[in-house]
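Take a look at the structure below.
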Amino acid sequence: MLITMQEYPWIVIIILLPLSAAILSFLFPRRVKLLGLLLALSVIAAVAGLAWQVIEHGAQRYAIGGWAAPLGIELYADGLSLLMLMVTALVCLGVSIYSTGYFNRAYFRRSRAIYFWPLWMFLWTALNALFLSSDIFNLYVTLELLGLSAVALVALAGGADALTSAIRYLFVNLLGSLFYLAGVVLLYHRFGSLDIAILSQHIMSQQMAPSPAVWAAAGLISAGLLLKTALFPMHFWLPPAHASAPGPVSALLSALVVKASFYILLRLWLEIFPVESPVPGQLLGVLGSIAIFWGGIQALRQMRLKMLIAYSTVAQIGYLFLAFPLASYIAWKGMFFLLISHALAKTAMFMAAGNILHFGGHDRIKDFDHVVQYQPLTSAAFALAGISIMGLPPSGGFIGKWLLLEAAVNSGQWWLVIIIILGSLLAAAYIFKVIGFAFTQSEMSHQTRKVPVQMQWTALALALAAVLLGLIAPWPLALMDIGLPFGEGGSG
Amino acid sequence: MLISEILTSLLLAAGAFFFFAGTVGLLRFPDVYTRLHALTKADNVGLGLMILGLALQADSWAAAGKLLLIWLLVLLASASVAHLIAKAAHQKGIEPWQR
Amino acid sequence: MNNIYLYSIVGAGLFTLGLYALISYRHLLRKILALNIMGSGVFLILVALASGETPDPVPHAMVITGIVVAVSASALALALVLRVQAETGKAELPEESLE
Amino acid sequence: MAAMTLLPLLFDTLLGLSLIWLAWRALTSTDLFQAIVLFIAFGLLMALTWVRLDAPDVAMAEAAIGAGLTGALLLATLARLKANNKTKSAPEKKFSLLLTLIILPVVTGLVYVVLTLPQNTPGLAILVAENLKTTGVTNPVTAVLLNYRGYDTLLELAVLLVALLGVWSFGGVPKPHEAYSGPVLNMLLRLLIPLLIMVAGYLLWVGANAPGGAFQAGSVLGAAGVLLLLAGWQLSTRFAELPLRIILVSGVVMFTMAGIVFIVSGRQFLEYPPSFAGAFILLIEAAATLSIGITLAALFLGGRPGLRRHK
């Protein structure tokens, strides 16, 4: 008795698709490119199915193994996780098309290239599983799966600096996971359950001062996740790792992997951690603003394009943390919208950088040689993505920053307003620096290579998506209201 | 059953003594060969005594049989490991100690 | 019941010992050892707190999962160490410049 | 009477102190080889601690994987490192005073918090025991691992596979161990390998109602693989490609396929039909044991077997 269309368990299919594709591409290395494209399309269809279910019937909860929450693991799909799944599906569709050109025989040693596909699909499985899980120990396992596949992908580039940044990234990942696990242990022994919904009921119900265990757990989990999200003092590992990774991998890292640990922090912060006193929020806000300035200034100083973009990621992550001191309904939605548009824009930027690297054999900004003439599509993609990073209308970045500004003005925290504006100016500075050099030609001419056409078009398509996101803003903003954090329990 | 408990504790004590003797040998002997000699001999006998003591307390013959299997395995493993280490040391050119 | 607290304090001690060693030593193998010891410390706290009269099997399953995850992470790290040493000639992290 | 209750306490404190002391010595010893040997001893003492905390399943996993296999991996890596690098790196301290100032509050905070946690909260023990009948196994830990939280175990098998993929993706032809295949080692192999395989089968079978299960059995199988590799055994290139990969993924594949079969028959993902639960769990555990064992041995090898030795 086949179950009818609506009751298809899309929530599980979204996790099983990339897992089975990864296994198939491990077993049959010759047909990886076809598998990659097929996977991207089928996951988009599955996400559409889940979206239809969530919009129709509200947040979906799925008990795996038939065991309800305290005993078994539950998957939970609401507006937030749906949006993250959509962005992941879009970015991964772009990466799958881009990689068919990037990992061809000429550019990448075949024996290494075939490992990109299974590792990337396992990374996608980890992302989908992470966005859907509502069990904190299960989140630990998905974080480890995510971390190990990301490190293996970074090390795929094979150079000396790629390998040293890969092993530093691995240690940072493992340290962050251990801190997170220590927090999980304390929460489990304090409340006897691992499910986020049950934990939030326990914590919200006992109004008396939360016991030190909850505070320690909140501190440990936040420290671990901040280390993985590379917030200011702990960002040292991000630029070398993201810059020395292969093209599509740095796009995946900056757009999705760094956001996954931020997503968990956001969900736990809104639902579990009883944050009465504004002090932690203010602290995160201050660290975020320092990250904006530090990332912006370092980006201006960089000689290589990919390092510049990596430092721009450090700065943009700082923006996301500005919503914590505001903690108002508009602020959370603006920050989340900024997160989505940054994912699309940063993927397009790293793909453009990959094209330039592929075209000229190097990415030293000073020695760009007629990039605009020979690579019009790539330069257009970089410019459009820059518009969204800078936050110029009508791009998605603009809407996100505008909502943050609105929230800052309403709550009267003027220092945040200044930081948001200055941050945008810094972003404009380093993007115009790159675009400026794209028009010049360098003294020494070096032989150039033809960039496969699909690599250029995917970069342009994703950049366009980042810009057009601003035009369709009301739909995703409404989607965020489904489900827990913003819906009923929305604070502010 | 007081007797079996006394017997067991006696055997365990004897086993512990042999382990102690093996450790003293390890610390006191001058080179790798004599240390290997002391360790494998003393520890195996010590373990044998301990296993015998525990077998008295075992609740079924199967459990006693498993304990005996453990002892045989350890005998096999420690003998061959001792040989391998001695062979590796010899290949490395460590001369046995002469007075 | 005080051995619950004894072992959880030992677990906390191992956690911080590993953290100290991870940060202060530059050789990559030492960092991997430190990470494994930190992992054992967290698992010790997890199981020690659950070992009252009714031993709770869920932490045991979590620790077994954690041990397998730890060994796969260590295997990847060790393979990376060999590759880093092959490329850069030394098995240590370059002096991290904090910019 | 006091003497009898004092003895376990004395033993526990002694065990706890020796754990800390061994960990400290392992981390700060000047010679790396000595550090690894102390780490293996630390792993064995950890296994003893798990027995003291009446967690036999964890004790077996710790002894086999935590101490045994991780130790073997560390020693193999050190051997390959030693070929061209001094290992006597004195652990020079950098900004150690500042570090102790940071670490000290962390440890006191952790200890204080741990002391405030309520004692012997039953946690999920009662819930697990109540529903044990429908899980098809009587060993609660296997029930949690395979049935209640089977999804965790599925992802964890994927983690193991990703680690192997990562190791293989680094390329690098595995330097064949200089086989010490002397007569003694061959005799040891002839006796031990069949016994190890039988013990693995026994652990797998007994896992349903006593401490044991896929991970312990898989690690014993992995140990047998490591022993074979040490003796210089080579996988013939005929099996190096597809057959090996099928075995490696068999654990994850069996788990996912079982889950899909349950969905098609109208149940939730990984919801075992109570009547066949035991059979399904044994099937999945058998596949998982095989794939874990071969994966752990392949991780020890450190490179793709059957690679053409292009110099």
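Residue numbers begin at 1 in each chain, while the letters A, B, ... track the order of the sequences. All figures in this text were calculated on a predicted structure; none of them were measured in a lab.
Proximity to chain C (any heavy atom under 4.5 Å) is restricted, for D/Gln216, to the side chain, taken from C-beta onward. Proximity to chain D is limited to the side chain of C/Ile45, based on heavy atoms less than 4.5 angstrom apart. Both the backbone and the side chain of D/Thr77 come within contact range of chain C, each with at least one heavy atom under 4.5 Å from a heavy atom of that chain. When heavy atoms are compared at a cutoff of 4.5 Å, C/Val58 approaches chain D by way of both its backbone and its side chain. Proximity to chain D (any heavy atom under 4.5 Å) is shown, for C/Phe43, by both the backbone and the side chain. The contact between D/Leu15 and chain C is made entirely by side chain atoms (from C-beta outward), counting heavy-atom distances below 4.5 Å. With a threshold of 4.5 angstrom between heavy atoms, D/Ser219 does not approach chain C through any atom at all.
Distance check, rounded to the nearest 0.5 Å: CG of C/Asp56 to CG of D/Leu124 gives 5.5 Å. Atom CG of C/Leu44 is separated from atom CH2 of D/Trp50 by 5.0 Å, given to the nearest 0.5 angstrom. Of the inter-residue distances, the one linking D/Ile36 atom CD1 with C/Leu29 atom CG reads 5.5 Å to the nearest 0.5 angstrom. In this structure, CG in C/Leu17 is found 8.0 Å from OG1 in D/Thr28, a value given to the nearest 0.5 Å. To the nearest 0.5 Å, the span separating CG on C/Leu82 from CZ on D/Arg80 amounts to 6.0 Å. Between the CG atom of D/Leu53 and the OG atom of C/Ser8 there is a distance of 9.0 Å, given to the nearest 0.5 Å.
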Decide yes or no on side-chain contact (heavy atoms from CB on, under 4.5 Å) for D/Leu115 and C/Ile9, but give the supporting numbers first.
-> CA-CA 8 Å; D/Leu115 291 180; C/Ile9 290 166; 4.1 Å; yes
Test log, rule side-chain contact (heavy atoms from CB on, under 4.5 Å), inputs C/Ile64 and D/Glu62 = CA-CA 8 Å; C/Ile64 292 177; D/Glu62 175 76 33; over 6 Å; no
Chi angles and distances behind the side-chain contact (heavy atoms from CB on, under 4.5 Å) call for D/Val167, C/Leu80 | CA-CA 8 Å; D/Val167 169; C/Leu80 251 176; over 6 Å; no
Yes or no on side-chain contact (heavy atoms from CB on, under 4.5 Å) for C/Phe15 and D/Val107, after CA distance, side-chain angles and deciding distance?
-> CA-CA 8 Å; C/Phe15 181 78; D/Val107 65; over 6 Å; no
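When each of D/Ile126, D/Thr49, D/Leu9 is scored by its heavy-atom pairs under 4.5 Å with chain C, the top score falls to D/Thr49. Counting heavy-atom pairs under 4.5 Å between each of C/Val81, C/Leu19, C/Val47 and chain D puts C/Val47 at the top. Ranking D/Asp12, D/Leu299, D/Leu110 against chain C, the residue ahead of the rest is D/Asp12, based on heavy-atom pairs under 4.5 Å. Taking D/Leu160, D/Ile292, D/Val111 one by one and counting their heavy-atom pairs under 4.5 Å with chain C, the maximum is reached by D/Leu160. When each of C/Ala77, C/Ala12, C/Ala61 is checked for heavy-atom pairs under 4.5 Å with chain D, C/Ala61 comes out on top.
Counting heavy atoms from C-beta on, the side chains of C/His27 and D/Leu81 come closer than 4.5 Å. Counting heavy atoms from C-beta on, the side chains of D/Phe42 and C/Leu14 come closer than 4.5 Å. Taking 4.5 Å as the limit, every side-chain heavy atom of C/Tyr20 sits out of range of all side-chain heavy atoms of D/Leu27. The side-chain heavy atoms of D/Leu74 and C/Leu33, taken from C-beta on, include a pair separated by under 4.5 Å. Two residues are said to be in side-chain contact when any heavy atoms from C-beta on lie closer than 4.5 Å; C/Arg30 and D/Leu32 meet this criterion.
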Show which side-chain atoms of residues 67-76 of chain C pair as donor or acceptor with protein atoms under 3.5 Å away, not counting sequence neighbours.
residue: C/Ser72; atom: OG; partner: C/Val68; partner atom: O; Å: 2.7
residue: C/Ser72; atom: OG; partner: C/Val69; partner atom: O; Å: 3.1
residue: C/Ser74; atom: OG; partner: C/Asn36; partner atom: OD1; Å: 3.1
residue: C/Ser74; atom: OG; partner: C/Asn36; partner atom: ND2; Å: 3.4
residue: C/Ser74; atom: OG; partner: C/Ala70; partner atom: O; Å: 2.8

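Screening D/Val141, D/Leu145, D/Val144 for a side chain to side chain contact (heavy atoms under 4.5 Å, CB included) involving C/His60 leaves a single residue, D/Val141.
Considering every non-hydrogen atom in both D/Phe170 and C/Arg83, the closest pair reads O-NE, 3.3 Å.
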